[in-house]
Amino acid sequence: MRLLGKLLWALSTSTLAFALSSAPATDWQKTLVGVPQTSSPLSSPVFHRLATRNGKHLVFLLTSTHKNVLAALDPVGSSVAWRHVFEDNDPILAFQARHDGLIALSGAGGVNARLFEVTSGNIIWETRLLRPEESPLDATTAFGTSFAFASDSSPDVFVLVNGYRISRLHGLTGAAKWIWTSPDMSSSVVYFRVVSSRQRIYALGATKSFAGFSLHITVLDEATGAEIVSQPIPSSIEDPTKHLLVLGNANAPSIIWVENGNLKSLVLSPELSSITPETTEGIAEIVDTQSASNGLFIGLKKDRSASIYSTSASSVLQKMWDFADSVQSEDYSESTWGSGYDKEGHPYVSRIYWSNFFKSCSFQLFAPHGAKGRGMISGFNFPFSTLQHGVILHSAIDVANPSETLFATRFAITTSTGSFQVWQQDQPKWVREESLADIRAATFVDLAMPLLKSQNVSPQSDGFLGRLARQQEQLNNLPAYLVSFAKRFVADASQATATPGGDTTTPFGDTFGFRKFIVAATSFGKVMAIDSSTGNVVWGQLLSLSDATGKPLNLEMKMLLAKPVDGLNQRPEVVLAVSSAQPTSIVKPARGPLSSYGKVLANRTTLYKYINPHLMAVVVGPESSVQGEGVETSCDVYLLDVVKGNAIYHAPLGSVAKTCDVKAVLVDNRLVYSYYEDTTGKQDGAKGPRIVSVELYEGYGPDDKTSKSDMTSFSVEGTRITVFQQTFVSPAGIKSIAASSTKYGISLKQIIVATDTDQLYAIPPHLLDPRRPNRKPTAAEQEEGLIPLDSVLSNDGRHTISRTHAVANVKEILTSPSQLESTSMVFAYGLDLFFTRVAPSGTFDLLSEDFNRVQLLFTT
C-alpha cells in the first residue's frame, strides 16, 4: 500500500506540474555579427566611451566583421546593441567613432560614406563620393581610403577616396563643402592617408619605384581646400600601409616609417619647410596599436625586442619603456599589442603573450602617465585555453584608474577560431563564438535516451535470492518510469524538450525527440555541437587544418552522420568531409519515408508518383567569374536520372546577367525551385523573384503505373512521365529553400523558404500545387482540395515561422524529424542562427493545452 500511495502521489504531482506550468518557447535565435576584422587598425575592434549629460559614461565595443557587418556590442552583457549589415558589393574598409558619431567608409575605393549614431546605430546621413562611371580602386583593400575629423570645433570630416580625391563633408548633413582632386590623376602618386592639424590638411601619397615606395605630401587649406604646397619626400618604404604611422601631437603631427632597418621621422609643418627626415637606428619594425593619435607606438628590433616610444612637445621621439622579455624565445609566443583609454582620456598600451613556462597567457599594461609621467607597468596571468580557441590575434582594452597605482583592465580579444571574448582582469566575462556566422556544414544528430540501471547477473547464478533482489531493484525504478510516462501523456505541443531532471548539460535526448545536437563545422577550423533545445554551444573541437592567422578557410565541407543512435549504438558519430573543390549546383533528393505512393482523384483514379531514387536536380549557368561583366548567358534547370543519364525534366530560365542564383529542393516527386526573373530584352512580364513548383507522375495519365522492370537502365519505359508545372511570383527574394521532414512521412511536407526580408515562411503544399485551376474549381476539383490559382503568393503572416525574429542572410535550412509524426524541426543558419518546430498537419498526436488531463488520469 505504501508503494501504491507513492506511485499515485508521484503521478498526480507531475500531472499538476505539467498542467499548471507555463509553456516554454519552442524556438530560439542567436543574433551574430561575424568574426571581427583584425587585418587593419582602421577596421579592428575598439572600445568607445561616450559621456552622457548626467556625467556618466556609456561604453560600446565597436567592430567590423568578416561578414561585412558594422556592430556595437555591450561589453558587460555581450548583447548586440545594434548592427548594420552591408551589401556584399559594399565592403567595409574603415570606421572611427567620435563623440556620438561614427563615420564608416565602404565600397570599392571608399566611395560610400555613412555617419551612424553610436548609441542607436541609426544612419544620420550617407553620401556617395564617386559617380558610378568612375573607375574605383580594388574593393578588397583600404589603400587609397582615409578620413580625418576637422581640427577645429566643427563636426566636419575629411574623406579621401580612390587615392586622388579629398572632400570636406558637412558633419550634420554629409554635403560636400569642397572637393579637391589631384591635378594629375594619371600620375603614379596614389594618396592613402589624410591628416588634419591646425587648419591644414596633409595628404600622404606614395609613388611606386624599383626599390619600393617613395612618399609625396600635399598640403591643403582646411577651410577652402586650396593647395598650398606639394612636395616629394626622399624615402624608400617597402609597404606604406604597414611600415608608416602618423603620430599625433598638440603642436604638429609627424610621420614615421621604417627604411632599410632604421626608423625615419618627419614633422609635418604647414609649408613643409623641412623635408629631410631624422633617423633613429636599431628599429626594424613599427606596430600600430591604435594609439598613434596620442603619439605612442611600438618599435621592434631585429631580435623582436619591443620598446614603447612617444613624441615630445617638440615632436622629438623618446623611448618610454623596454620590454626586455619580448625577445624572440621558445619560452614566449609572439606578442599581441593593443591600446585603449580611461574615462579621463589617458592612453594605455597592452601586451598579451603565451608563456610556455606557466602554460597560461600573460597580460601587461603600460600607463604612460603613471609614476608622475615616467610610465608604469602592471600585469597578471589569465587562463586562456589555446586548445579551445586557438591563438589570440587582436586585443582592445578599456581601463579604469581609481587610484594612482591601481588599474582595472577590461579587454576584448579575437582568436584564430573566430571566438570573440571579453575579460575583466583574469576572469572571463563572456564568450561569443562568432565563427558560427560562417558555418560551412551542419547536421542534426539524435541523442540516446537515458537507460535504467540493471544488474549484470547470469541466469546460472541467478538463484531465488538473486532474482528477488533484481526484481526489487526493477520495482524501485517503476515510479520513475510511470512519472516519465505521465509526463509524456499530459504534455502538449507547445512544451519543449524535457531532459532528465531538467539537466541541459547531459547528452541525452528527451521523450519527444525535440532535443538533438546540431553539429556544425565553421570556416575558421572549428567544429561545435549546439543544443537544439537552448541554442547553447555544448562542446567545440579544433580541426588540424585550422588557420592560425584567422583567415576563413576556402574549403568545401560536408557533414555526414556515420553512426546514428539505435538500440545498440548509444554514441552517435559524424564524419566531416573536406575538399578544396568548389561546390557544384547539384541538388540531391531529400531522403525520408514515403507514406503515399499516389494521389487519388475525385473520379477514384490514381496519379502514381514518380519516385526515382537516382533523380538529381542540376543547375547549369554562368560561373561566378563573370559577375559584373555584363555577360548574358542562359540558365537551365535539369532533372537527371544519374543511372540512365536521361533528362527527365528541363526548364530554360532565359538569359541572366550574373550567376544562376537558383535555390531548389527535391522531395518525393516534387521539385520546387526559385530564381530571379530578368526580363531584359523581353516585351512582357516583370522582373522579380519566382517560385516554380513541379510534380512528376508515372505514365501519361491516371492509373498508368510503371512496373519495376521498366525502371532498369535497359528500358525507356521509365521515362514515360506526366509533368505538372506552375510558376508563382514571390513577394520577396529567396535565400534558401528546404522541405519539412517527419518520422513516417505521414504529415504534409511544407516548403520552408528564407527570404531577403530576413523572414522564414512555411508554405502549405496546397498553395504550391501545380494542378490549381486558373478558374473557379469544379466540384470534383474541390473534392481533391484544389483552390483557384493565384499567381502571386500572398505574404500571409500565419505562414511566418520566424515570427518576430529577423534572421539575417540565411545560407541554408536544415530539417529533421522528431519522435512525433506531427512535428518537424527546422534550423536555419547564415549570419544568424534560428531554430523552431513546425507541424504541417497540426499536432494530431498531442493533447491540446485546454484538455483536462487531471480528470482523464483519475477516470476509471
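Worth knowing before you read on, the calculation uses all heavy atoms, side chains too, and leaves out hydrogens, waters and symmetry mates.
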| When you look at Ser196 and Glu222, which way does the side chain to side chain donor-acceptor pair (under 3.5 Å) test go after all the steps? | CA-CA 8 Å; Ser196 174; Glu222 192 174 274; 2.6 Å; yes
| message | Checking Lys264 against Thr279: is there a side-chain donor and acceptor pair closer than 3.5 Å? | response | yes
| task | Indicate yes or no for a side-chain donor-acceptor contact from Asp156 to the backbone of Ala150 under 3.5 Å, with no hydrogens or angles considered. | result | no
| field | Nearest-0.5 Å distance that lies between atom CG in Leu247 and atom OG1 in Thr311 | value | 5.5 Å
| If every non-hydrogen atom of Pro368 is compared with every non-hydrogen atom of Pro347, which pair is closest and at what distance? | CD-O, 3.0 Å
| Parallel, tilted or perpendicular: ring planes of Phe213 versus Phe143, cut at 30 and 60 degrees | tilted
| note | Closest heavy-atom pair, Ile228 versus Leu220, reported as atoms and distance to 0.1 Å, is CD1-C, 4.0 Å
| request: Check whether any side-chain N or O of Asn401 sits under 3.5 Å from a backbone N or O of Ser403 as a donor-acceptor pair, and report yes or no. | output: yes
| Does Val327 offer a backbone N or O that forms a donor-acceptor pair with the side chain of Ser305 under 3.5 Å? | no
| query | Is the backbone of Leu365 close enough, under 3.5 Å, to the side chain of Ser350 for a donor and an acceptor to pair up by distance? | reply | no
| Polar contact flag, side-chain donor to acceptor under 3.5 angstrom, Ser154-Arg168 | yes
| query | Going by atom types only, do Asp438 and Thr522 share a side-chain donor-acceptor pair under 3.5 Å? | reply | no
| message | If we ignore hydrogens and angles and just use 3.5 Å, is the side chain of Glu259 paired with the main-chain N or O of Ser236 as donor and acceptor? | response | yes
| message | Under a 3.5 Å threshold, yes or no: a donor from one side chain and an acceptor from the other, between Ser230 and His216? | response | yes
| said: For the NZ atom on Lys343, are there more than 12 heavy atoms of other groups (residues, nucleotides or ligands in this structure) within a distance under 6.0 Å? | reply: no
| request: Starting at CZ of Phe380, measure out to OG of Ser360 and round the result to the nearest 0.5 Å. | output: 11.0 Å
| task | Decide if the gap between the ring center of His99 and the ring center of Phe149 is smaller than 6.0 angstrom. | result | no
| message | Looking at every heavy atom in both Pro41 and Asp288, which two are closest together, and how far apart are they? | response | CG-OD2, 3.5 Å
| task | State which residue, out of Val349, Ile298, Thr336, Ile308, fulfils the side-chain contact (heavy atoms from CB on, under 4.5 Å) condition with Val287. | result | Ile298
| task | Flag the pair Lys301 and Asp322 as a salt bridge only when some basic side-chain nitrogen lies within less than 4.0 angstrom of an acidic carboxylate oxygen. | result | no
| Are any of the side-chain heavy atoms of Val219 and Leu272 separated by less than 4.5 Å? | yes
| message | Ignoring hydrogens and geometry beyond distance, is a side-chain donor-acceptor pair present between Tyr341 and Asn294 at under 3.5 Å? | response | yes
| remark: So CG of Leu245 and CZ of Arg193: to nearest 0.5 Å the spacing works out to 8.0 Å
| Gln425, CD: over 12 other non-hydrogen atoms inside 6.0 angstrom | yes
| said: Looking at every non-hydrogen atom in both residues, tell me the closest pair between Ile237 and His243 and how far apart they are. | reply: CG2-CB, 4.0 Å
| said: Under a plain distance cut-off of 3.5 Å, with no hydrogens placed, do Trp423 and Gln421 share a side-chain donor-acceptor pair? | reply: yes
| request: Write down the atom of Leu542, the atom of Gly390, and the distance for their closest heavy-atom approach. | output: CD1-N, 3.9 Å
| request: Among Phe420, Phe47, Phe363, find the residue that satisfies the ring-ring contact (aromatic ring centres under 6.0 Å, His included) test when tested with Phe411. | output: Phe363
| Salt bridge check: are Glu433 and Lys526 linked by an N-O gap of less than 4.0 Å? | yes
| Is it true that Asp325 and Arg351 have a side-chain N and a carboxylate O under 4.0 angstrom from each other? | yes
| request: Decide, yes or no, whether a salt bridge links Arg304 with Glu334 under the criterion of side-chain N to carboxylate O below 4.0 Å. | output: yes
| task | Determine the sole option in Phe366, Trp321, Phe297 for which the ring-ring contact (aromatic ring centres under 6.0 Å, His included) test with Tyr309 is passed. | result | Phe297
| request: Answer whether the closest heavy-atom distance between the side chains of Val76 and Trp430 falls below 4.5 Å. | output: no
| request: Evaluate the side-chain proximity of Ile255 to Ile217: yes if any heavy-atom separation is below 4.5 Å, no if none is. | output: yes
| query | If we only count heavy atoms from C-beta on, is the Arg114 to Ile92 side-chain gap below 4.5 Å? | reply | no
| Does the side chain of Thr417 come under 3.5 Å of the side chain of Thr415 through a donor N or O and an acceptor N or O? | yes
| message | Can you confirm whether more than 12 heavy atoms, excluding those of Glu117, are under 6.0 Å from its CD atom? | response | yes
| Is it the case that Gln541 and Trp539 place a side-chain donor and acceptor less than 3.5 Å from each other? | no
| message | For the CG atom of Leu436 and the NZ atom of Lys30, what is their distance to the nearest 0.5 Å? | response | 10.0 Å
| query | Salt bridge or not for Arg49 and Asp342, using N-O below 4.0 Å? | reply | no
| message | For a 4.5 angstrom cut-off between non-hydrogen side-chain atoms, does Leu160 reach Phe147? | response | no
| Side chain to side chain, Pro552 and Phe524, heavy atoms closer than 4.5 Å | yes
| Are the side chain of Thr65 and the backbone N or O of Lys67 linked by a donor-acceptor pair below 3.5 Å? | yes
| remark: Rounded to the nearest 0.5 angstrom, the OG-CG distance for Ser339 and Leu296 is 8.5 Å
| said: Between Asp426 and Asn381, is there a side-chain donor-acceptor contact under 3.5 Å, judged purely by atom types and distance? | reply: no
| query | Is the backbone N or O of Leu70 less than 3.5 Å from a side-chain atom of Ser64, with the two atoms forming a donor-acceptor pair by type? | reply | no
| field | Sub-4.5 Å side-chain heavy-atom contact between Leu317 and Ile256 | value | yes
| Between His84 and Phe86, does a ring pair (Phe, Tyr, Trp, His ring centres under 6.0 Å) hold up when you go through it step by step? | CA-CA 6 Å; His84 184 81; Phe86 287 69; 4.8 Å; yes
| task | Please examine the side chains of Arg432 and Leu73, heavy atoms only from C-beta on, and report whether any two atoms are closer than 4.5 Å. | result | yes
| query | Where do Leu129 and Ala113 come nearest, in terms of heavy atoms and distance? | reply | CD1-CB, 4.1 Å
| Pairwise distance CZ(Phe60) to OG1(Thr63) - rounded to 0.5 angstrom | 15.0 Å
| request: Would you tell me whether Tyr191 and Thr218 have side-chain atoms, one donor and one acceptor, within less than 3.5 Å of each other? | output: yes
| Is there a donor-acceptor pair under 3.5 Å between the side chain of Arg410 and the backbone N or O of Lys429? | no
| message | Assess the residue pair Trp257 and Asn262 against the criterion (side chain to side chain contact (heavy atoms under 4.5 Å, CB included)); give the C-alpha distance rounded to whole Å, side-chain angles, the decisive distance to 0.1 Å, and a yes or no. | response | CA-CA 8 Å; Trp257 68 91; Asn262 295 317; over 6 Å; no
| Picking from Ser419, Ser416, Ser435, what satisfies side-chain contact (heavy atoms from CB on, under 4.5 Å) with Val35? | Ser435
| said: Please check: side-chain N/O of Ser326 versus main-chain N/O of Ala306, any donor-acceptor pairing under 3.5 Å? | reply: yes
| Backbone N/O of Gly34 and side chain of Glu434: donor-acceptor pair under 3.5 Å | yes
